[in-house]
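In what follows, a structure is listed as structure tokens, so that the remarks can point back to it.
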Amino acid sequence: MIKTSSPEPLPSHPNGWNPERRPMPSSPRILIVGGVAGGASAAARARRLAEGASIVLFERGPYVSFANCGLPYHIGGVIEDRSKLLVQTPESLYARFDIDVRVNTEVVAIDPGAQTVVVRNLKTGRETTEPYDALVLSPGAEAIRPGIPGADGERIFTLRNMGDMDAILAAVPKDGTGRALVVGAGFIGLELAEQFRLRGLPVTLVEKLPHVLGPADPEMTIPLQEELVRQGVDLRLGRSVTAFTEAGGVLEAMLDDGGRIPCALAVLSVGVRPDTRLARAAGLAIGVTGGILVDDRMRTSAPNIFAVGDAVEVREFVSGEPALIPLAGPANRQGRIAAEVILGRDSRYKASQGTAICKVFDLAFAMTGLSEAMLERKGLAYRRTYVQPADHATYYPGASPIMLKLLFEPGEGRILGAQAVGAGGVDKRIDVIAVAQRAGLTVFDLEDLELCYAPPFGSAKDAVNMAGFVAANVVRGDVALWEPEELACLTDAQMLVDVRTFQENALGTIPGAVCAPVDELRDRLEDLPRDKELLVFCQVGLRGYVAARLLAQHGFKVRNLSGGYRRFGLWKGTQPVALACEPAIVPEDAK
């Protein structure tokens, strides 16, 4: 039975205190610092709720609301028209919502006691003092520029706003001969590497971690790494830039292994930090993560001051712990909630799951909830399973596989996180699991979800259902799993059994495994030792599960490798991952 209960609401404040609320007039003066997602959403929602409110939005840049997630795609030419990135302008916000938008204007100080701010016009330098009944801070986050020699050079950029995008485009060599260096292989770094390649530039991508996409688990990123290399990206993992030098018009990056990379331009994409300078100067409380401390109503520690977006500390959904999760969707919702609370509604923010997706050439990666690495760091108990079904029916042309990892609680089957990579359908599956997680559903509920099916779009048993089947089997005890890490300590009391065909086995197998194809198992039971634990595996896990059930019912002690031989290859990091769907019936051409 599907559960419909919502997760526990956030407390009034993570520290247990409730900021004083001063009386709000019927037609309040609401000042908003910063536009883009959080600030612009707060302004528009406030106007929809209170036609009589006075709303002023200050933005220190020239653009009040732009699609910062689209910036890499204009650099690559996918979004040709630059104006398409401008979601709202001061003129459009005034015409539709009667909002007084002041661009190129910075709020430089807040007096919480007097409920005023000091505002500086960045073009004239003139300062004024503005009173408020409610103040919303949406300063966002700033790109981290590491303190390495030469990192402040004119051809070394970060990407956070329209001005950054314009500067990068101006530095791109018109003849396409110069190399682009991207430092940091997070979401933005991967998108930039792709877009520079689309412009025809040679690209080097440097990442200090041993894998791309730091929030992801390493084995789930191997297909992305292979796709980057296949598309011509010079990928340098486990490496750091130690310095930039420029001589004779040649920019060069020096690596920690002694390597040198000449380039026409470099973009630093090593992360962001919340912009809390204004909040700190005003004496507002800062959380343990370095973000502005807010409660579930987006209230700060000062009366009638709210904060939203990338600058605030939120609660992570699974663990309930403080976190920084700078994403556009949460920022929009937080802005809306702040406006509603200001105008008397009891709206609350219900934590962040960190649901995100990234396109890497012909593949996509998406995730929600916590990764395995994060669960380990937090000391939370979990189980993991892998499935690799097709994005739609394999008999319909164009089917491609999805590698889906599900993390769940061992006892109740609560969904802790999920990651997926593939050429199609990744967004749909992670979105479904993200909704299930927020609704408090378990892996047992994933089995029962009724999802769209027609051959061009899915399968009768969708990838999400399959993930639920496998995880539920584990929780129920229908199958026991073994992990690749156990190969380092195999004993004489264990035997590796490859239940794929002899033909597949001949193309590669786990060292030391005997081949006993699943379709022949019933005729070969006497050939298998009953005094040993059988560690079975197939290509992706399905036939291994069938073999494990068969053997267990015949009295064998048996465990299956979730994700199969392909999972072993990912774990080893040596097997090329040309993702391919496992057929329903695997022919045996050779024995």
Side-chain angles (χ1 to χ4, degrees), residues 19-66 86-124 126-140 278-279 282 284 292 294 297-309 311-312 331-347:
E20 174 194 351
R21 178 182 172 90
R22 294 174 183 165
M24 193 69 60
S26 58
S27 299
R29 189 166 200 260
I30 303 171
L31 303 187
I32 301 171
V33 181
V36 195
S41 294
R45 182 59 174 165
R47 173 58 71 223
R48 289 194 295 270
L49 294 179
E51 181 63 21
S54 171
I55 304 172
V56 184
L57 194 159
F58 302 103
E59 170 57 51
R60 63 188 170 201
Y63 305 102
V64 63
S65 182
F66 59 92
L86 300 176
V87 180
Q88 293 282 0
T89 65
E91 293 77 18
S92 67
L93 283 172
Y94 178 76
R96 179 166 297 179
F97 297 109
D98 190 25
I99 294 171
D100 179 3
V101 178
R102 305 180 192 180
V103 295
N104 299 307
T105 304
E106 184 175 10
V107 174
V108 295
I110 303 170
D111 185 340
Q115 289 198 172
T116 60
V117 298
V118 177
V119 178
R120 179 184 299 149
N121 184 311
L122 297 179
K123 288 190 172 181
T124 66
R126 181 172 175 265
E127 291 187 355
T128 58
T129 298
E130 303 277 352
Y132 65 83
D133 295 308
L135 177 66
V136 180
L137 303 180
S138 180
L278 186 62
L284 303 186
I292 301 172
V294 294
R297 295 174 178 86
M298 310 315 299
R299 297 177 298 187
T300 70
S301 58
N304 293 6
I305 300 181
F306 300 74
V308 302
V312 305
N332 274 283
R333 293 195 299 277
Q334 291 162 10
R336 179 184 177 93
I337 289 167
E340 291 180 345
V341 172
I342 289 169
L343 294 165
R345 295 198 176 187
D346 186 22
S347 297

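Positions are given from 1, in the same order as the sequence printed here.
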Is a side-chain N or O of [X] found less than 3.5 angstrom from the main chain of [Y], in a donor-acceptor match?
| X | Y | answer |
| --- | --- | --- |
| E59 | G35 | yes |
| N304 | D133 | yes |
| R47 | D98 | yes |
| T300 | I305 | yes |
| E106 | R60 | no |

Do [X] and [Y] touch side chain to side chain, with heavy atoms closer than 4.5 Å?
| X | Y | result |
| --- | --- | --- |
| D346 | R297 | yes |
| V341 | M298 | no |
| P62 | V103 | no |
| L284 | L137 | yes |
| V87 | S92 | no |
| R120 | L122 | yes |
| V36 | F66 | yes |

Task: Flag if over 12 foreign heavy atoms under 6.0 Å of CZ, R48 - done: yes
Over all heavy atoms of both residues, which pair between [X] and [Y] is shortest? Give the atoms and the distance, please.
| X | Y | answer |
| --- | --- | --- |
| G309 | A331 | CA-CB, 3.7 Å |
| G140 | A311 | O-CB, 3.4 Å |
| A338 | V308 | CB-CG1, 3.8 Å |
| A307 | I292 | CB-CG2, 3.9 Å |
| N332 | S41 | OD1-OG, 2.5 Å |
| D111 | A114 | OD1-N, 3.1 Å |

Open item on the list: Nearest 0.5 Å, please: how far is OH in Y132 from OG1 in T116?
Closed with: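 Reported value, rounded in 0.5 Å steps: 7.0 Å.
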Open item on the list: What's the separation between atom CZ in R336 and atom CG in L49, rounded to the nearest 0.5 Å?
Closed with: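 It comes to 7.5 Å.
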TODO: Test side-chain contact (heavy atoms from CB on, under 4.5 Å) on I110 and V33 and set out the steps.
DONE: CA-CA 11 Å; I110 303 170; V33 181; 5.9 Å; no
TODO: Can you sort out the partners of R29 under salt bridge (Lys or Arg N to Asp or Glu O under 4.0 Å), two or more places apart, ordered by chain and number?
DONE: E130
